[in-house]
Amino acid sequence: MEDDTSGDWHGRWKNILDFLTPDKESSDAEAILNFLRKEIRVLVVGAGGLGCELLKSLALSGFGRIDVIDMDTIDLSNLNRQFLFRKADIGRPKAEVAAEFINKRIPGCQVVPHYSKIQDHDPDFYHQFDLVVLGLDSVLARRWMNGMLTGFLEYDCNGTLQESSIRPFVDGGTEGFQGNVRVVIPGKTACIECTINLYPPQVNFPLCTIAHQPRLPEHCIEYAKVLLWPQVKPFGDGVAVDGDDPEHIQWLFAEAEKRAGEFNISGVTYRLTQGVVKHIVPAVSSTNAAIAAACASEAFKMVTGQQGMNNYMMFNDSEGVYCGTVEMDRDPECSACSTQPLWVYFSRSDTLQMVIDHFCTSAKTQMKSPSISAMVESQSRVLYMPHPEILEKQTRKNLKRTLADLNLTDGHQLIVADATTPKSLRFNIRYNE
């Protein structure tokens with residue numbers, strides 16, 4: 001051992017130093033490696049199947065200061081692929097156990113855990129990191145992180161992007177035997193919102209089928225979640241389904257089993273119930289490993305000044321192995337990273353409900369449950385808020401009113417807030433007539 005405090009030994013970093021010095025000269029390789037290990041702060045978002053692989057790959061690549069954030073706890077079903085966890089860890093926070101494992105196993109690497117939701121932290125928390133790597137299984141969470149990191153962009157009086165305000169990130173995603181890696185330099189390359197239309201729409205089952213003619217185990221689970229839960233209120237009035245609460249999942253599982261028995265449907269399991277509620281896609285360990293390795297490689301190249309991927313990679317190993325890259329273009333009208341004014345086109349006779357439906361169904365916005373205000377004479381006027389219940393009741397009457405009735409003229413600005421982004425978006429109204 002050369003340094004008992006850092007855990008270094010002879011030849012530990014030989015491969016990385018060789019990579020940094022292809023001409024076999026010492027150059028600045030030692031300084032770059034020291035910078036990578038001691039100065040760069042990386043945030044890994046997600047400590048699940050992909051997150052475990054990311055932590056391992058980043059730590060073994062020389063990153064010495066890593067934070068990891070995850071809101072989930074360890075379940076028995078995680079153990080077949082999330083290799084940082086053991087049976088004794090069931091019930092404990094994923095972020096804490098993953099950090100403990102890496103800190104113990106890889107000398108010189110310090111991983112700091114955060115057992116929380118990404119929404120629990122303010123911009124100052126995210127601003128302290130030099131690089132963010134996403135290992136998420138949720139499009140909603142990806143969009144929220146994208147909104148947070150693109151929100152840091154600053155421009156001078158001439159409209160020139162300030163390089164110091166850029167917080168780059170690498171996004172990895174897997175689905176069965178398929179995966180992708182995306183490198184995002186906010187303000188310079190396409191962000192997640194620029195290509196949001198590439199994400200497939202969420203599968204929803206017809207309510208009539210769920211209520212009257214269930215044919216699949218998923219129909220029974222949706223029946224328990226969508227119809228029974230709000231009627232029975234098993235955990236009290238106003239308590240929404242929490243896919244991360246084992247008691248909630250157990251109740252839904254039990255009710256779905258009863259429903260399945262009535263219609264002679266087999267296949268309802270606890271794991272399927274959890275998958276339907278949380279929209280979980282079956283994971284394959286080898287895909288997670290390949291995508292995490294690619295993410296770590298791009299992160300390494302980014303902070304060491306190497307030529308990186310430009311800027312989206314697709315991976316498929318269902319039949320052989322296919323891997324290809326393509327350059328995604330920025331959307332000049334992107335709601336997250338564009339500096340151009342955003343316009344929405346309506347008729348004066350369109351109702352506020354039609355405006356909300358547009359933001360929810362449009363391929364470019366795909367919002368979940370937006371609240372809308374309007375800027376009128378430099379004052380913000382609330383038009384509709386879905387939460388809390390008391391404000392929803394007070395503003396519900398506006399849903400049937402037309403934009404003309406609401407005194408919104410051409411050029412008026414709408415302020416739209418939604419769970420898909422941490423910041424409010426501003427859209428200018430342009431009438432078709």
With sequence neighbours left out, what residues match Phe300 under ring pair (Phe, Tyr, Trp, His ring centres under 6.0 Å)?
Phe19

Taking ring pair (Phe, Tyr, Trp, His ring centres under 6.0 Å) as the definition, give me every residue that meets it alongside Phe129, ordered by chain and number, with sequence neighbours left out.
Phe125

Check the pair Glu222 / Arg259 against salt bridge (Lys or Arg N to Asp or Glu O under 4.0 Å), numbers first and verdict last.
CA-CA 10 Å; Glu222 284 290 311; Arg259 180 72 168 173; over 6 Å; no

Residue list, ring pair (Phe, Tyr, Trp, His ring centres under 6.0 Å) with Phe359, at least two apart or on another chain:
Phe427

List the residues meeting side chain to side chain donor-acceptor pair (under 3.5 Å) with Glu247, not counting sequence neighbours, and say none if there are none.
none

Heavy-atom closest pair, residues Pro107 and Trp9:
CG-CZ3, 4.2 Å

Nearest 0.5 Å, please: how far is CG in Asn310 from CE in Met328?
11.0 Å

Verify, without hydrogens or angle tests, whether His219 (side chain) and Arg215 (backbone) share a donor-acceptor contact under 3.5 angstrom.
yes

Using only atom types and a distance under 3.5 Å, with no angle test, would you say the side chain of Ser424 pairs donor to acceptor with the backbone of Ala417?
no

All side chain to side chain donor-acceptor pair (under 3.5 Å) counterparts of Lys56, not counting sequence neighbours:
Glu53

Listed partners of Thr339 passing side chain to side chain donor-acceptor pair (under 3.5 Å), at least two apart:
none

Partners meeting side-chain contact (heavy atoms from CB on, under 4.5 Å) with Lys423 (sequence neighbours left out):
Thr150, Thr421, Leu425

Is any side-chain heavy atom of Val183 less than 4.5 Å from a side-chain heavy atom of Met313?
no

Under a 4.5 Å cut-off applied to non-hydrogen side-chain atoms, are Cys194 and Cys334 in contact?
yes

For Phe235, all residues meeting ring pair (Phe, Tyr, Trp, His ring centres under 6.0 Å), sequence neighbours excluded
Trp229, His248

Measuring only between side-chain heavy atoms, which start at C-beta, is Leu79 closer than 4.5 Å to Ile74?
yes

To the closest 0.5 Å, what do you measure between CD (Gln306) and CG (Leu20)?
6.0 Å

Taking Asp418 for the side chain and Ser369 for the main chain, is one N or O donor matched with an acceptor at less than 3.5 Å?
yes

Straight-line distance of Arg430 CZ to Trp343 CH2, nearest 0.5 Å
4.0 Å

Less than 4.5 Å apart, any side-chain heavy atom of Cys52 and any of Phe85?
yes

Output for pair (Arg41 CZ, Asp130 CG), nearest 0.5 Å, gives 8.5 Å

Provide the closest heavy-atom pair for Leu50 versus Asn288 in the form atom of the first, atom of the second, distance.
CD1-O, 3.5 Å

Begin with the C-alpha distance, continue with both residues' side-chain angles, and end with the deciding distance and a verdict on side-chain contact (heavy atoms from CB on, under 4.5 Å) for Trp251 and Leu228.
CA-CA 11 Å; Trp251 186 90; Leu228 273 188; 4.1 Å; yes

Taking atom NZ as the centre, does Lys301 end up with more than 12 heavy-atom neighbours from other residues, nucleotides or ligands that are less than 6.0 angstrom away?
yes

Residue pair Asp124 / Gln128, side-chain donor-acceptor N/O under 3.5 Å
no

Of the non-hydrogen atoms in Leu131 and Ala299, which two are nearest, and what is the gap between them?
CD2-CB, 3.5 Å

Taking Asp156 for the side chain and Thr160 for the main chain, is one N or O donor matched with an acceptor at less than 3.5 Å?
yes

Smallest heavy-atom separation, Leu153 atom then Ser165 atom, equals CA-OG, 3.6 Å

Taking C-beta and beyond as the side chain, do Phe152 and Ile166 meet within less than 4.5 Å on heavy atoms?
no

Looking at every non-hydrogen atom in both residues, tell me the closest pair between Ser380 and Ser373 and how far apart they are.
OG-CB, 3.7 Å

Arg381 versus Leu408: any side-chain heavy-atom pair under 4.5 Å?
yes

Side chains of Ile185 and Met302: does their closest heavy-atom pair fall under 4.5 Å?
yes

I need the full list of side chain to side chain donor-acceptor pair (under 3.5 Å) pairs touching residues 97-113, with sequence neighbours left out, sorted by first then second residue.
Arg92-Glu100

Let me have the donor-acceptor pairs involving side chains of residues 111-120, under 3.5 Å, with sequence neighbours excluded, atom names and distances please.
unit_1 : atom_1 : unit_2 : atom_2 : d
His114 : NE2    : Asp67  : OD2    : 2.8
Ser116 : OG     : His121 : NE2    : 2.7
Asp120 : OD2    : Lys117 : N      : 3.1

Check the pair Glu193 / Cys337 against side-chain contact (heavy atoms from CB on, under 4.5 Å), numbers first and verdict last.
CA-CA 8 Å; Glu193 289 293 331; Cys337 70; over 6 Å; no

Evaluate the criterion side-chain contact (heavy atoms from CB on, under 4.5 Å) for residue pair Gln274 and Asp75; output intermediate values, then yes/no.
CA-CA 11 Å; Gln274 191 177 41; Asp75 183 77; 4.3 Å; yes

Could you work out, with side chain to side chain donor-acceptor pair (under 3.5 Å) as the rule, every residue matching Trp13, not counting sequence neighbours?
Asp8

For the backbone of Gln366 and the side chain of Arg143, can you confirm whether one donor and one acceptor N or O come within less than 3.5 Å of each other?
yes

Within a strict 4.5 Å, meaning less than it, do heavy atoms of the Leu84 and Val97 side chains meet?
no

In short, Lys368 meets Pro370 closest at the heavy-atom pair C-CD, 3.9 Å

Between CG on residue Leu383 and OG1 on residue Thr395, distance to nearest 0.5 Å
9.0 Å

So how far is it from Ile221 CD1 to Ile249 CD1, rounded to the nearest 0.5 Å?
9.0 Å

May I have the step-by-step check of side-chain contact (heavy atoms from CB on, under 4.5 Å) for Phe315 and Asn180, ending in yes or no?
CA-CA 6 Å; Phe315 174 85; Asn180 65 81; over 6 Å; no

Salt bridge or not for Glu298 and Arg182, using N-O below 4.0 Å?
no

Do any pairs count as a salt bridge (Lys or Arg N to Asp or Glu O under 4.0 Å) and have a residue in residues 314-341, sequence neighbours left out, and if so which ones?
Asp331-Lys364, Glu333-Lys364

Polar side-chain atom of Asn146 near backbone of Ile192 as donor-acceptor pair, under 3.5 Å:
yes

Donor-acceptor pair, Arg142 side chain versus Leu136 backbone, under 3.5 Å?
yes

